[in-house]
Protein chains: 2
Amino acid sequence: MNPVGLDVSELEPVSRRSTAEIVADRIRTAIMRGTFAPGAQLGEVDLSSRLGVSRGPLREAMQRLVAEGLLRSERHRGLFVRELGPDDVRDVYLARTAVERAAALQVLAGDRGTAVVALEIPLGAMESAAAAGDAVALADADHDFHAALVAASGSPRLRRMTEGLLVETRMCLAAFQQTAPPAAELLVEHQRLRDALRDGHTELLLDRLAAHMDDAVQRILAAMPGAA
Amino acid sequence: MNPVGLDVSELEPVSRRSTAEIVADRIRTAIMRGTFAPGAQLGEVDLSSRLGVSRGPLREAMQRLVAEGLLRSERHRGLFVRELGPDDVRDVYLARTAVERAAALQVLAGDRGTAVVALEIPLGAMESAAAAGDAVALADADHDFHAALVAASGSPRLRRMTEGLLVETRMCLAAFQQTAPPAAELLVEHQRLRDALRDGHTELLLDRLAAHMDDAVQRILAAMPGAA
DNA sequence: GATAGGCGGATTGTTGACAATCCTAGGTGC
DNA sequence: GCACCTAGGATTGTCAACAATCCGCCTATC
């Protein structure tokens, strides 16, 4: 609490975000959740009327999503949800490994105590989700875990990259969300990541992180229709 | 050459890029070159009239640049060129190190012969620029070297990340482009990177890459006004 | 003299309509 | 029956005008 008597987080967004940003977030989560199937066409008039905004801000939001790689734009054809193939899965995790490795090293070099504390929240959520068998909550917790890890690095750029990569990860997962993930195994893997981080075992942490990513790729590719 | 008798690169853009994309590229290079000073406000009507487009496509382009982190948007205030401080310099190079390290490992695991060949072009340009004392050409060659390295990894995502990071690097460099860079030293550093890559010396390459990044940070911070 | 309130100018945010382009379906000639 | 051509419908790309918001300056008041 500060002298004004308000939590700083409340007065931070003195001016709320732009319409384009809100629209982009909405569509991004919709794509992430699998509401829009991969390859589906997104009509501008349809979306704009459904979201209650004009086509101007909507097009601005679309440009962002195209830049993020979530949408594919064909001139005078329309906007389509990108379809991720096996190569994309491997590439997403290759990039994630690179970014999260760097983030982990930064955390180890800095204040890893607060980082471990921050990781406990998604770990708790993951435990609950695993016990309840809630696949969506499990994916959310997984997402939050890695986001928290990178956020703890204090690097805005690593954070922003991870943000985009995690969305793509969710797109990959949404493709085969009917198959139940090995919740217990997933939980243990994340707990071991936290343990290695807490104890400051650099090499162990990096190895476990790489292995964790490889496992995920194998799991996804195994459940993917046209995987090589 | 294919049966049609055309280079594939010529028929790739069957439909030319959207106006927003062209505008974004123009402004991006302008920011990169330092045409727009950091912190400068970019008026929409001014830019749109100067580029000969309406405000619609221009705003779409701006959204992209904001998403890339080149511009800062304040609601009902305007768009401003982001000013990069010492922390940003360190962060850009931290991210670059992470991405280029991963790219280098991919190149080493794949076809490093063609990669070395691809690196010779910017190296030649760098040599010429160093001999001629052309700072801009030197920066261009440096840019191209690292872009070629990451492109050789075959990873679209690493490539796209690098694209953005290199633009930010140029923004950092533009801040103090009056000071002449140590051209000879820079050339040798890049040649040694190529040598380690050519000979397949993994650890040596990674070490030299990290050292190369650290050197750059030190050089930039030393020439920076308010560096800590 | 310092501060609160209000006005003018300028900029951004949003909207609806117009123009260009493309895919699809139907028809025609061979 | 097949290929080509043409008209229709729908979608995106672009534009100019309207509305909302904010900053700086000025004035009036304490």
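Heavy-atom basis, side chains included; hydrogens, waters and symmetry copies ignored. Within every chain, numbering begins at 1; the chains are lettered A, B, ... in the order of the sequence lines, protein sequences first and strands thereafter.
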| request: Using a 4.0 Å heavy-atom cut-off across all strands, classify A:Leu58 as base, sugar-phosphate, or nothing. | output: nothing
| If you look at every strand shown and take non-hydrogen atoms under 4.0 Å, does A:Gly56 touch a base, only sugar-phosphate, or nothing? | base
| In terms of side-chain heavy atoms, does B:Arg96 have a donor or acceptor partner in B:Thr162 at a distance below 3.5 Å? | no
| OP1 or OP2 of D:dG13 sitting under 4.0 Å from any side-chain N/O of A:Arg59? | yes
| request: May I ask you to evaluate whether A:Arg77 reaches the phosphate of C:dT21, defined as a side-chain N or O under 4.0 Å from OP1 or OP2? | output: no
| task | To the nearest Å, give me how far apart CD (B:Glu44) and C1' (C:dG13) are. | result | 8 Å
If you only use heavy atoms from C-beta on, which nucleotide in [options] is closest to the side chain of [X]?
X	options	result
B:Pro57	D:dC15, D:dT12, C:dT15	D:dC15
B:His76	D:dT21, D:dT12, D:dG13	D:dT21
B:Gln41	D:dC22, C:dC22, C:dT12	C:dT12
A:Ser54	C:dG13, C:dC22, C:dT15	C:dT15

| Aromatic plane relationship, B:His190 with B:Phe145 - under 30° parallel, 30 to 60° tilted, over 60° perpendicular | perpendicular
| request: Could you grab the distance from atom CD of A:Gln63 to atom CE of B:Met62, nearest 0.5 Å is fine? | output: 13.0 Å
